[in-house]
Amino acid sequence: MTHDDSASPRPETLTVHPPHVEITGSRPLGVPLHQGHVFAFDSADALAEGFTSPDAFLYSRLGNPTVRTLEDAVARLEGGAAARSFASGMGAINAVLLGLLSSGDHVIAQTCLYGGTYAVLTDLAARWGVHVTYVSGTDPEEVRAALRPETRLLYLETIANPTTRVADVPALAAVAAEAGIPVAVDNTFASPLLCRPLDHGADIVVHSATKYLAGHADVLGGIAVFKDHELYRRIRHHSVEQGASTDPFAAWLTLRGMQTLSLRMERQCASAAELAARLETHPAVEAVRHPALASHPDRAIAARLLPAAGGGGVVSIDLAGGREAGRAFVEAVRLASLSVSLGDVKTLVMHPASTSHHQLDAAALAAAGIGAGTVRLSVGIEHVEDLWADLEQALTKAG
């Protein structure tokens with residue numbers, strides 16, 4: 001039996017080829033989710049050009065409209081020229097380090113870093129012969145003294161994890177700029193609302209988008225923002241083949257979360273500052289670190305770099321009873337959750353020495369300012385009095 005070519009396709013074909021609805025006269029209020037991973041072209045030449053153009057949508061590992069919306073949104077927030085998003089914060093960090101460094105290169109990095117970043121630098125040192133010099137993050141002369149002919153990167157954190165030390169980004173970046181060294185800053189703890197490192201001399205900003213940008217414990221993602229297109233193209237070239245690209249649904253969730261970023265940060269910063277002030281007077285607490293406190297070692301830097309009311313939503317405390325007190329405290333909280341991560345709408349507590357920074361030995365922990373009794377609080381958006389009641393009862397059990 002023959003088929004009339006002018007007739008409609010058969011049902012088996014129609015199920016595979018639904019019609020595409022074109023929107024005219026209106027636009028979606030929310031960002032559309034382009035979940036499809038592959039795109040079709042009208043000509044062979046256009047398809048071929050798609051492989052070389054960073055603006056084309058060819059295959060979602062290379063680029064996707066929803067993902068591009070997220071990249072453009074964060075680039076605009078950070079004041080950058082372009083951004084590249086990744087499947088996780090570590091994906092972003094690895095893309096920057098692997099895209100900029102080669103065997104025998106030298107990195108200057110802040111002493112107190114996220115444990116995952118420290119682990120990558122340690123691995124690069126062992127396998128690639130990448131040399132790393134650690135500095136405090138507050139003294140530009142340390143950076144100047146550490147410079148070598150083979151130095152290729154200065155790596156900092158705006159607010160360090162978990163000690164909340166604040167890097168003097170403008171002063172340190174100025175030294176790096178004199179030597180022609182790019183500066184990368186992990187801005188996860190601050191978010192673009194508290195600090196824009198590119199405005200202070202940085203060349204690259206990285207975020208774990210899982211944290212404050214998304215903010216609701218339902219997405220994993222990372223992003224790197226670049227001051228100029230040359231650096232963006234360099235990192236993109238390497239990262240495309242590494243494969244740690246953002247899933248469109250994760251990008252969509254992050255964009256949804258970002259709409260309340262300013263409201264969440266305002267509450268979290270205010271509550272964290274209030275709790276930090278109260279914790280300073282508690283007998284079970286040996287030390288409290290939050291950039292809004294007058295006692296914070298980097299208070300002067302924070303006053304220049306962060307808004308007056310914006311010390312961030314993370315509080316680090318040292319319990320007088322050491323490791324056992326830390327364990328008892330994190331297991332005693334009831335409203336807060338014992339969990340990794342931060343920046344969530346819910347308050348989270350953890351013991352860094354045994355979790356996020358377990359890769360560090362005793363000497364490295366001490367150098368980073370992390371003690372056996374250090375506990376990190378990521379303050380959520382709950383009522384501050386409810387949070388204080390929970391912390392008080394947990395401190396009583398830890399004491």
Side-chain angles (χ1 to χ4, degrees), residues 16-17 20 22-23 27-28 31-103 105 120 124 128 130 152-153 155 180-185 198 202-209 213 220-255:
V16 179
H17 295 273
H20 289 274
E22 297 291 337
I23 300 176
R27 57 182 173 81
V31 175
L33 171 58
H34 296 272
Q35 187 63 41
H37 75 283
V38 65
F39 300 83
F41 290 76
D42 293 330
S43 73
D45 287 343
L47 175 58
E49 289 172 8
F51 276 92
T52 59
S53 171
D55 297 322
F57 298 119
L58 169 75
Y59 188 72
S60 276
R61 178 165 60 84
L62 310 178
N64 172 281
T66 306
V67 174
R68 180 71 52 77
T69 302
L70 172 63
E71 292 168 342
D72 290 348
V74 179
R76 185 169 62 176
L77 271 177
E78 285 285 7
R84 173 81 175 162
S85 65
F86 300 88
S88 69
M90 285 308 302
I93 291 167
N94 272 286
V96 170
L97 295 178
L98 297 178
L100 293 180
L101 301 176
S102 300
S103 180
D105 285 347
V120 172
L124 291 176
W128 284 15
V130 171
R152 296 293 179 266
L153 179 67
Y155 192 96
I181 306 301
V183 179
V185 178
L198 298 181
D203 301 284
I204 303 170
V205 172
V206 296
H207 285 273
S208 172
L213 293 180
L220 192 68
I223 196 160
V225 182
F226 303 89
K227 188 174 185 177
D228 60 56
H229 287 282
E230 181 181 351
L231 265 176
Y232 163 73
R233 286 190 290 267
R234 182 175 174 184
I235 300 302
R236 183 184 183 278
H237 172 73
H238 290 282
S239 68
V240 159
E241 307 308 335
Q242 289 166 2
S245 302
T246 305
D247 174 75
F249 185 57
W252 184 83
L253 284 172
T254 304
L255 283 161

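Taking every heavy atom of both residues into account, P182 and D203 meet most closely at CA-OD2, 3.3 Å. T254 and A209 make their closest contact through CG2-CB, 4.2 Å (heavy atoms, listed as atom of the first residue, atom of the second, distance). The minimum heavy-atom distance between W128 and L101, with the atom names listed, is CZ3-O, 3.6 Å. R234 approaches L100 most closely through the heavy-atom pair NH2-O, 3.5 Å. The two residues L255 and A73 come nearest to each other via the heavy atoms CD2-CB, 4.1 Å. Contact detail for A83 and F226: the closest heavy-atom pair is CA-CD1, 4.3 Å.
Distance check: F41 CZ to L58 CG gives 5.0 Å after rounding to the nearest 0.5 Å. Atom CG of L70 sits about 10.5 Å away from atom CG of L253, to the nearest 0.5 Å. Annotation: the span from D228 atom CG to I204 atom CD1 amounts to 9.0 Å, rounded to 0.5 Å. Separation of atoms NE2 (H34) and OG1 (T69) is listed at 7.0 Å; rounding is to 0.5 Å. Annotation: the span from S208 atom OG to L220 atom CG amounts to 7.0 Å, rounded to 0.5 Å.
By the 6.0 Å contact criterion, OH on Y59 is open, its count of non-hydrogen atoms from other residues, nucleotides or ligands being 12 or less. Few gaps surround NE2 on H238; more than 12 heavy atoms of other groups in view lie less than 6.0 Å from it.
Taking the side chain as every heavy atom from C-beta outward, L98 and L124 approach each other to under 4.5 Å. For the pair Y155/V206, a side-chain contact is recorded, criterion being any heavy-atom separation below 4.5 Å from C-beta on. Within the 4.5 Å cutoff, the side chain of E241 has heavy atoms near those of the R61 side chain. Under the 4.5 Å side-chain criterion, counting only non-hydrogen atoms from C-beta, R84 is not in contact with T246.
Panel note: side chain S239, backbone I235; a donor-acceptor pair is recorded below 3.5 Å. Looking only at distances, a side-chain donor or acceptor of S60 sits under 3.5 Å from a matching main-chain atom of G36. With S85 contributing its side chain and I223 its backbone, the two residues share no donor-acceptor pair below 3.5 Å. For D105 (side chain) and V130 (main-chain N/O), no donor-acceptor pair under 3.5 Å exists by modelled atom type. Side-chain atoms of T66 come within 3.5 Å of backbone N or O of P32 as a donor-acceptor pair.
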Review point. Going through the checks in order, is the side-chain contact (heavy atoms from CB on, under 4.5 Å) test met by R236 and V240?
Key: CA-CA 6 Å; R236 183 184 183 278; V240 159; 4.0 Å; yes
Practice item. Please step through side-chain contact (heavy atoms from CB on, under 4.5 Å) for the pair Q35 and D247, ending with a clear verdict. Key: CA-CA 8 Å; Q35 187 63 41; D247 174 75; 3.5 Å; yes
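Taking the six-membered ring where the residue is Trp, W252 and F249 present parallel rings, their angle staying beneath 30° rather than reaching 60°.
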